[in-house]
Amino acid sequence: MSIRTVMAAYFSPAGSTKKVTVAIAEGIAESLSAKLREFDWTVKKNREWRLEFTPSDLLVCGVPTYAGRIPNKVMPYVKENLLVDRDLIGAREKAESNAAETPVFAVPVATYGGRAFDNSLAETAGLLKGNGFAIAGGAAMPCEHVFSDLMQPGRPTEEDLAEARAFGRELGEKIRAFLEAADGAWEEPVLPGDYAPEAYYQPVDLAGQPTNFLKALPVLLDKKCIGCGRCQAVCPVESIEMEKCAPKMPFGGSAGGLGMPDLAAMKVQAPVVKGICIKCQACVKVCPKGAWTFEDEAFLRHVEMLTHTYGDAERENEFFL
Ligand SMILES: Cc1cc2nc3c(=O)[nH]c(=O)nc-3n(C[C@H](O)[C@H](O)[C@H](O)COP(=O)(O)O)c2cc1C
Ligand code: SF4
Ligand code: SF4
């Protein structure tokens, strides 16, 4: 049995989790001479896909840490749609074939913004184990916090990504040796944290008082917005709608007597947030004009605490084999 496909599958609204998940998958694919594939389940329409894996596939599953765990709005996706092949599970139950005994490997990867990853890595591992995967290894990687570029700024750096690839290669070698030996059972690494956590991290302010910003929404600086629609396209929970708006004349002029204004250059639609917001900052980061801000006071007090307490925290990449 050999692994032919390594799938990097990630939820990554602001892009860091994608980078580290792909880097680890590249390292594994290189050492196993396997094909690398990528699946981005950040946007909702991609979360309609169910992926089933066999022993000739390996899943690298990347998630960011939100309040110490896998983001709650996408946890069901991992639980219900990143699965070991159903026929194989059936064969395992009946112990029908040798293939039933070969592990289907998964590698959970958690990113975090320099506070702590708490249970996000172990929780992802727990979900994947519940779906029948064997945990091959795991990684927790500090990345720039989406709430503030004062926390782990610029990470993952090229050096971080090189470490991620090196870890992937090392893990790939270990898996290859195991598959070639074809004797004994795979020993899973023990990952830090709770595999089935119940509580989330409670955000606090500088005085240690709980801050509640669950209902906070991004605010649009309308004058800056050019109506391009990019924020709508990236919102992972499809909470941004583009609404028609009356085109304003550029330069404050009037169409009368001067011919028709250039409609293509005018803003004819503007985004409106309707529905829940998971504070992922995808809209803020993608906007070419810096037109989205978060002004919620409780949110800002939490960010103040984070930057004050963890702004210069030194965090290492942690790899588990
Ligand atoms: C709602 C929310 C909660 C977060 N909670 C934590 C946390 O508990 N600990 C931490 O260190 N970082 C936390 N972060 C930071 C992210 O884990 C980090 O920026 C991550 O790399 C973002 O991944 P992405 O760039 O793929 O979207 C949080 C971010 C968001 C949006
Ligand atoms: S509206 Fe909220 S959930 Fe949607 S992209 Fe912006 S921050 Fe993320
Ligand atoms: S990405 Fe920015 S400029 Fe484009 S529609 Fe959204 S807010 Fe407006």
Side-chain angles (χ1 to χ4, degrees), residues 11-17 42 63-75 110-123 140-156 192-194 197-225 231-232 234-240 270-316:
F11 177 76
S12 185
S16 295
T17 310
T42 310
V63 298
T65 303
Y66 281 12
R69 290 179 58 177
I70 179 171
N72 67 340
K73 292 287 177 242
V74 296
M75 186 269 270
T111 63
Y112 67 109
R115 185 191 66 76
F117 59 94
D118 295 336
N119 298 315
S120 56
L121 180 64
E123 182 177 23
M141 297 189 60
C143 294
E144 182 171 301
H145 202 301
V146 287
F147 292 168
S148 167
D149 59 10
L150 296 174
M151 297 176 69
Q152 308 301 312
R155 297 185 80 177
D194 188 341
E198 284 177 9
Y200 286 89
Y201 162 75
Q202 166 63 59
V204 292
D205 63 16
L206 266 178
Q209 292 303 309
T211 51
N212 180 358
F213 48 87
L214 281 177
K215 297 223 166 102
L217 299 175
V219 174
L220 185 72
L221 305 171
D222 191 44
K223 283 203 171 135
K224 289 191 172 186
C225 171
C231 52
Q232 180 192 35
V234 298
C235 178
V237 286
E238 291 185 353
S239 288
I240 299 181
V272 181
V273 182
K274 292 193 172 169
I276 57 152
C277 170
I278 60 171
K279 281 38 107 181
C280 70
Q281 311 297 310
C283 55
V284 175
K285 306 259 178 211
V286 82
C287 178
K289 297 291 172 186
W292 287 111
T293 66
F294 272 83
E295 296 178 352
D296 183 271
E297 276 189 21
F299 174 80
L300 295 178
R301 275 188 282 120
H302 177 58
V303 177
E304 183 187 23
M305 183 286 294
L306 285 174
T307 54
H308 188 266
T309 315
Y310 303 101
D312 45 18
E314 284 183 21
R315 299 282 187 249
E316 304 276 324

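One is the number of the first residue; the rest follow in order along the sequence.
Of all non-hydrogen atoms in K285 and V146, the two that sit nearest each other are NZ-O, 3.6 Å. Scanning both residues, C277 and A216, for their nearest heavy atoms gives CB-O, 3.8 Å. Here the closest heavy-atom approach between residue L221 and residue E295 is recorded as CD2-OE2, 4.4 Å. Residue S12 comes nearest to T42 through the heavy atom pair N-OG1, 2.9 Å, listed as atom of the first residue, atom of the second, then distance. Residues A122 and G193 approach most closely at CB-C, 3.6 Å, considering heavy atoms. The two residues C231 and I240 come nearest to each other via the heavy atoms O-CD1, 3.7 Å.
Legend: residues meeting ring-ring contact (aromatic ring centres under 6.0 Å, His included) with Y66, ordered by chain and number and at least two apart, are absent. Listed by chain and number, the residues in a ring-ring contact (aromatic ring centres under 6.0 Å, His included) with Y310 amount to none (sequence neighbours excluded).
No side-chain heavy atom of S148 sits under 4.5 Å from any side-chain heavy atom of L306. Taking 4.5 Å as the limit, every side-chain heavy atom of S120 sits out of range of all side-chain heavy atoms of Y112. W292 has its side chain within reach of L220: a pair of non-hydrogen atoms, C-beta onward, lies under 4.5 Å apart. V273 is not listed as a side-chain neighbour of P271, based on a closest heavy-atom distance of 4.5 Å or more. Between C143 and T17, the closest side-chain pair of non-hydrogen atoms is not below 4.5 Å.
Looking at T307, its side chain does come within 3.5 Å of a backbone N or O of E304 through a donor-acceptor pair. Side-chain N or O atoms of D205 include none that pairs as donor or acceptor with a backbone N or O of R301 at under 3.5 Å. Between the R315 side chain and the R115 main chain, a donor and an acceptor come within less than 3.5 Å of each other.
K279 contributes atom NZ, which lies 7.5 Å from atom CZ of F213 (distance to the nearest 0.5 angstrom). Atom CG in L121 sits 14.0 Å away from atom CZ in R69 (nearest 0.5 Å). One distance of note links OH of Y200 with CG of N72; it measures 4.0 Å at 0.5 Å rounding. Atom-to-atom distance recorded for E198:CD and E123:CD is 10.5 Å, nearest 0.5 angstrom. Going from atom CD of E144 over to atom CD of Q152 covers 9.5 Å, rounded to the nearest 0.5 Å. Separation of atoms CG (N119) and CD1 (I70) is listed at 12.0 Å; rounding is to 0.5 Å.
Aromatic ring centroids of F147 and F299 lie under 6.0 Å apart.
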